[in-house]
Amino acid sequence: MAKAFHAGQAAANGLLAALLAERGFPGPDGILERPGGFFATFTPVAHPGELRIGLGEQWELEKNTFKPYPCGIVSHPLIDAAIAVSPRISDPDQITGIVAHCHPLVVELMGRIEPADGLQARFSAAHTIAAAIAEGELSVRQFRDCLVRRADIRRLRASTQFAPSPDTGRDEARLEVSLADGSTVREHVPHARGSLARPLTDGELAAKARGIIEPVLPGRASHIIETSQLDGPGGVAALVEAMSPEAMSPEAAAPR
């Protein structure tokens, strides 16, 4: 459960830091250079001068990407492939075998074949493939306990074999799905959605945000997405207000 906590706690810490900085809250002197500080903790040899390389020209933040699926990122190219083959398979019950060609990290980090519940399923590449083929998508809904334990999903997971190779890129995958009539459906994903080579579009990001926000804060996704542009009127304070319970309208608060 701590895995899901990490991202939320990091986001909360970042928001708190921004609010404190906005109000002039100071930090301790020498937090970067002092013994036990940032450089000593995160670099083998503390070289503050390295921070100035490419200063103002090179932005490491731009190398961050957004995950399209709520599970281990190593399985994302396989999920892309599974979603792509799903409409080409009229009856998943006719699947006799699935071979997933992938990077070795997939098996190392997500090699669980038979997860017991939705939390374990987030670390099961076999489940992500099975659910994506059967459902044609992969969102938080495909990690519900009831779906993880569904007979057809369990059968597809059991039919999945992994063929890991270091020659396969971390954001690459090939999927081969064998059918009862002897045919094979294949899909190659050179770069997964959300990777540096294939980043999500603004529209895809907004769609992901709506899918996450609406079940928790119904009717407020559009306003939160609009205020998430922190350079707009109100800045961080406007975003906090948009997400606060007090901002919920009576209509949105009504049970559905």
Side-chain angles (χ1 to χ4, degrees), residues 3-4 6-8 10-11 59-89 92 95 98-112 115 118 121-144 147-148 153 156-157 160 162-177 185-215 221-222 224-225 228-229:
K3 176 67 174 176
H6 291 169
W59 304 94
E60 295 298 313
L61 190 62
E62 293 182 348
K63 296 179 183 178
N64 283 344
T65 58
F66 295 89
K67 294 170 58 176
Y69 310 115
C71 57
I73 197 168
V74 295
S75 69
H76 286 201
L78 286 169
I79 297 169
D80 286 341
I83 291 174
V85 303
S86 178
R88 290 146 55 191
I89 300 173
I95 294 175
I98 301 171
V99 179
H101 299 267
C102 56
H103 190 275
L105 277 176
V106 175
V107 178
E108 179 182 340
L109 301 177
M110 296 187 64
R112 185 187 298 271
R122 292 175 186 265
F123 302 90
S124 169
H127 174 77
T128 65
I129 295 169
I133 290 177
E135 300 271 295
E137 64 173 12
L138 197 79
S139 66
V140 292
R141 297 192 311 107
Q142 279 70 47
F143 292 97
R144 293 171 297 176
L147 187 140
V148 172
I153 301 296
L156 290 178
R157 286 198 302 256
T160 302
F162 293 96
S165 170
D167 295 331
T168 303
R170 291 192 181 192
D171 62 345
E172 179 187 11
R174 286 187 295 114
L175 202 62
E176 298 176 355
V177 182
V185 181
R186 296 180 174 86
E187 183 69 23
H188 176 224
V189 175
H191 300 287
R193 288 176 63 234
S195 64
L196 277 173
R198 193 181 164 195
L200 297 184
T201 65
D202 289 346
E204 289 173 322
L205 282 173
K208 176 180 179 178
R210 286 191 179 88
I212 295 171
I213 296 170
E214 279 298 324
S222 294
I224 291 173
I225 291 170
S228 67
Q229 305 298 319

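Starting from 1, each residue takes its place in the sequence as its number.
Residues Cys102 and Pro77 fail the side-chain proximity criterion, which asks for heavy atoms closer than 4.5 Å. Contact check for Ile153 versus Val148: no side-chain heavy atoms found under the 4.5 Å cut-off. Inter-residue side-chain proximity for Phe123 and Leu109 is flagged as unmet; no heavy-atom pair is nearer than 4.5 Å. Looking at Ile95 and Ile133, their side chains come closer than 4.5 Å, going by heavy atoms from C-beta outward.
We find the CD-CG distance between Glu204 and Asp202 to be 9.5 Å, quoted to the nearest 0.5 Å. Annotation: the span from Phe143 atom CZ to Leu138 atom CG amounts to 4.0 Å, rounded to 0.5 Å. Separation of atoms CD1 (Ile224) and CD1 (Ile213) is listed at 4.5 Å; rounding is to 0.5 Å. Expressed to the nearest 0.5 Å, how far NE2 of His103 lies from OG of Ser75 amounts to 14.0 Å.
Between Leu200 and Phe66 the shortest heavy-atom distance is CD1-O, 3.7 Å. Closest of all the heavy-atom pairs between Pro92 and Ala134 is CG-CA, 4.5 Å. Contact between Pro70 and Val140 at its shortest, heavy atoms only, is CG-N, 3.9 Å. Pairing each heavy atom of Leu78 with each of Ala100, the nearest pair is CD2-CB, 3.6 Å. Across all their heavy atoms, Glu137 and Gln142 have their closest contact at OE2-NE2, 3.2 Å. Closest heavy-atom contact between Ile79 and Cys71: CD1-SG, 3.6 Å.
No donor-acceptor distance shorter than 3.5 angstrom exists from the side chain of Thr160 to the backbone of Ala126, with no hydrogens or angles considered. Formation of a donor-acceptor pair under 3.5 Å by the Lys208 side chain with backbone atoms of Ile212 is not found in this model. Although no hydrogens or angles enter the test, the distance criterion places no donor-acceptor pair under 3.5 Å between the side chain of Ser86 and the main chain of Ile83. For Ser124 (side chain) and Arg112 (main-chain N/O), a donor-acceptor pair under 3.5 Å exists by modelled atom type. The closest donor-acceptor contact from the side chain of Arg88 to the backbone of Arg186 lies under 3.5 Å. Looking only at distances, no side-chain donor or acceptor of Arg210 sits under 3.5 Å from a matching main-chain atom of Leu205.
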Practice problem: Start with the C-alpha gap between Val99 and Leu175, add the side-chain angles, then the distance that decides, and say whether side-chain contact (heavy atoms from CB on, under 4.5 Å) holds. | Solution: CA-CA 6 Å; Val99 179; Leu175 202 62; over 6 Å; no
Quiz item: Which is it for Ile98 and Phe162 under the side-chain contact (heavy atoms from CB on, under 4.5 Å) test, yes or no, and what are the steps along the way?
Solution: CA-CA 8 Å; Ile98 301 171; Phe162 293 96; over 6 Å; no
Quiz item: Please walk me through it: do Leu147 and Glu135 pass side-chain contact (heavy atoms from CB on, under 4.5 Å)?
Solution: CA-CA 10 Å; Leu147 187 140; Glu135 300 271 295; 3.6 Å; yes
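Among His101, Glu176, Glu172, the one residue that satisfies the side-chain hydrogen bond (donor to acceptor under 3.5 Å, both in side chains) test with His188 is Glu172.
His76 and Tyr69 have perpendicular rings, their planes meeting at more than 60° on a 0 to 90° scale where under 30° would count as parallel.
With respect to Asp80 and Arg198, a salt bridge is recorded, a charged nitrogen being found less than 4.0 Å from a carboxylate O.
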